[in-house]
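Small disclaimer: the values here were computed from a predicted structure and weren't measured.
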Amino acid sequence: MAANRPARSTRSSRPALIALTALAPVSWGSTYAVTTEFLPPDRPLFTAVMRALPAGLLLLALARVLPRGVWWGKAVVLGALNIGAFFPLLFLSAYRLPGGMAAVVGSIGPLFVAGLSVLLLGDRPTLRTILTGIAAAFGVSLVVLKAAGALDLVGVLAALASTASMSTGTVLTKRWGRPDGVGPLALTAWQLTAGGLLIAPVALLVEGAPPALDGRAVGGYLYLALANTAVAYWLWFRGIGRLTATQVTFLGPLSPLTAAVIGWAALGQALTTVQVAGMALAFGATVFGQLRPRTAVTVATTAKAESFSSAERNGRKDSMDVTVPALRR
């Protein structure tokens, strides 16, 4: 009887863990409204630096743990994939592609993760995972795509590269886990700091000196750095350590869906019947992506604490955090 208690506790806490992890892409969906209503226009790279670097330094001060040994290199790699390369590539695709095409490309992240999990984690994607990923991408496309326009090759390649970057970062975060005695707070701090430091010189070269900021802009950047980045990414990487990589990445479509809801509720943007249907489809695919096959649950229960503690040690866009309309304005 006592031996079964940890398994029941794990199962009962999983919905709460998923819900907390889902707060990350939900928060990222608010970036659209904050960017258009509070921040200076046409400064995406400066915004990326202001989101990542202050948040990383704050978490670093709270964690008071620096990487050691090979983790200096791993932290830089993960920071580049999840933040440093991901943000600029996403912004580039957003400016060069029509409508919400970049968000649609980003929504195929679960399929990227499923493929990379075969190579790096030894997981075999099921037909259910593939079909659910296709359904999620199709649902997002119904929500964000507007009138068709000419596709820019550079934009398409940048969108694919940003999705591949974040997906690779997700899977590598799961594969490498965390050093002994290091929690998700420190891991998040390392990545945000490394990513912000990588973006900063690019922002200075491309966009020049930082713009003058009024009170609204300062408030917007504080929200992005604290709630939208520091807390959200901590929840995201914490979730990667305890859920499967596929489960976490299936939460990504919540970002464009949240942006659409905020646009309707707070910014007066209309939602068509097709968009509502797409939201229902994408949300259903997100929920379905959190369900584990019955056989997987049985194996996890049999493995008991050993498999769960191993999953805890192995710790992770479009972005999943910035929608295309926000970047185009």
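- A distance of 9.5 Å separates CG in Leu17 from CD in Gln290, rounded to the nearest 0.5 Å.
- Residues Glu207 and Asp42 form no side-chain contact, since every pair of their non-hydrogen atoms from C-beta on lies 4.5 Å or further apart.
- Applying the ring-ring contact (aromatic ring centres under 6.0 Å, His included) rule to pairs touching residues 201-227 yields Phe46-Tyr221, sequence neighbours excluded.
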Q | Derivation and outcome, side chain to side chain contact (heavy atoms under 4.5 Å, CB included), residues Ile83 and Tyr233 | A | CA-CA 10 Å; Ile83 306 294; Tyr233 272 95; 3.7 Å; yes
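- Across all non-hydrogen atoms, the minimal contact from Gln191 to Phe237 is OE1-CZ, 3.2 Å.
- Nearest approach of Glu37 to Arg216, heavy atoms of both residues: O-NH2, 2.5 Å.
- Proximity of Asp214 to Val218: side-chain heavy atoms (C-beta onward) are nowhere separated by under 4.5 Å.
- Counting only heavy atoms from C-beta outward, the side chains of Arg14 and Leu243 approach each other to under 4.5 Å.
- Phe138 and Leu281 make their closest contact through CD2-CD2, 3.4 Å (heavy atoms, listed as atom of the first residue, atom of the second, distance).
- The shortest side-chain heavy-atom distance between Pro88 and Leu45 falls under the 4.5 Å cut-off.
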Q | Chi angles and distances behind the side chain to side chain contact (heavy atoms under 4.5 Å, CB included) call for Arg242, Thr21 | A | CA-CA 10 Å; Arg242 304 183 182 188; Thr21 307; over 6 Å; no
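- Between the CG atom of Leu66 and the OG1 atom of Thr193 there is a distance of 9.5 Å, given to the nearest 0.5 Å.
- Interatomic distance, Phe112 CZ to Thr170 OG1, rounded to the nearest 0.5 Å: 12.0 Å.
- Counting heavy atoms from C-beta outward, Leu131 and Thr126 have side chains that stay 4.5 Å or more apart.
- Within the 4.5 Å cutoff, the side chain of Phe250 has heavy atoms near those of the Thr129 side chain.
- Leu53 and Val76 fall into different hydrophobic clusters, where Ile, Leu, Val, Met, Phe, Trp and Tyr are joined by side-chain heavy atoms under 4.5 Å apart, directly or via other members.
- Nearest heavy-atom pair across Thr132 and Gly289 is CG2-N, 4.1 Å.
- Side-chain contact between Trp72 and Trp190: absent, with no pair of heavy atoms (C-beta onward) separated by less than 4.5 Å.
- Taking all atoms of both residues into account, the shortest heavy-atom contact from Phe38 to Gly220 is CB-CA, 4.2 Å.
- Atom CZ of Arg128 sits about 10.5 Å away from atom OG1 of Thr246, to the nearest 0.5 Å.
- Val261 and Val34 fall into different hydrophobic clusters, where Ile, Leu, Val, Met, Phe, Trp and Tyr are joined by side-chain heavy atoms under 4.5 Å apart, directly or via other members.
- A 4.5 Å side-chain heavy-atom check between Leu39 and Leu224 finds at least one atom pair inside the cut-off.
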Q: Evaluate the side chain to side chain contact (heavy atoms under 4.5 Å, CB included) criterion for residues Ser255 and Val26: first the C-alpha distance (whole Å), next the side-chain angles of each, then the deciding distance (0.1 Å), finally the verdict.
A: CA-CA 5 Å; Ser255 179; Val26 168; over 6 Å; no
Q: Output, in order, the C-alpha distance, side-chain angles, deciding distance and verdict of side chain to side chain contact (heavy atoms under 4.5 Å, CB included) for Val49 and Phe87.
A: CA-CA 9 Å; Val49 174; Phe87 276 160; over 6 Å; no
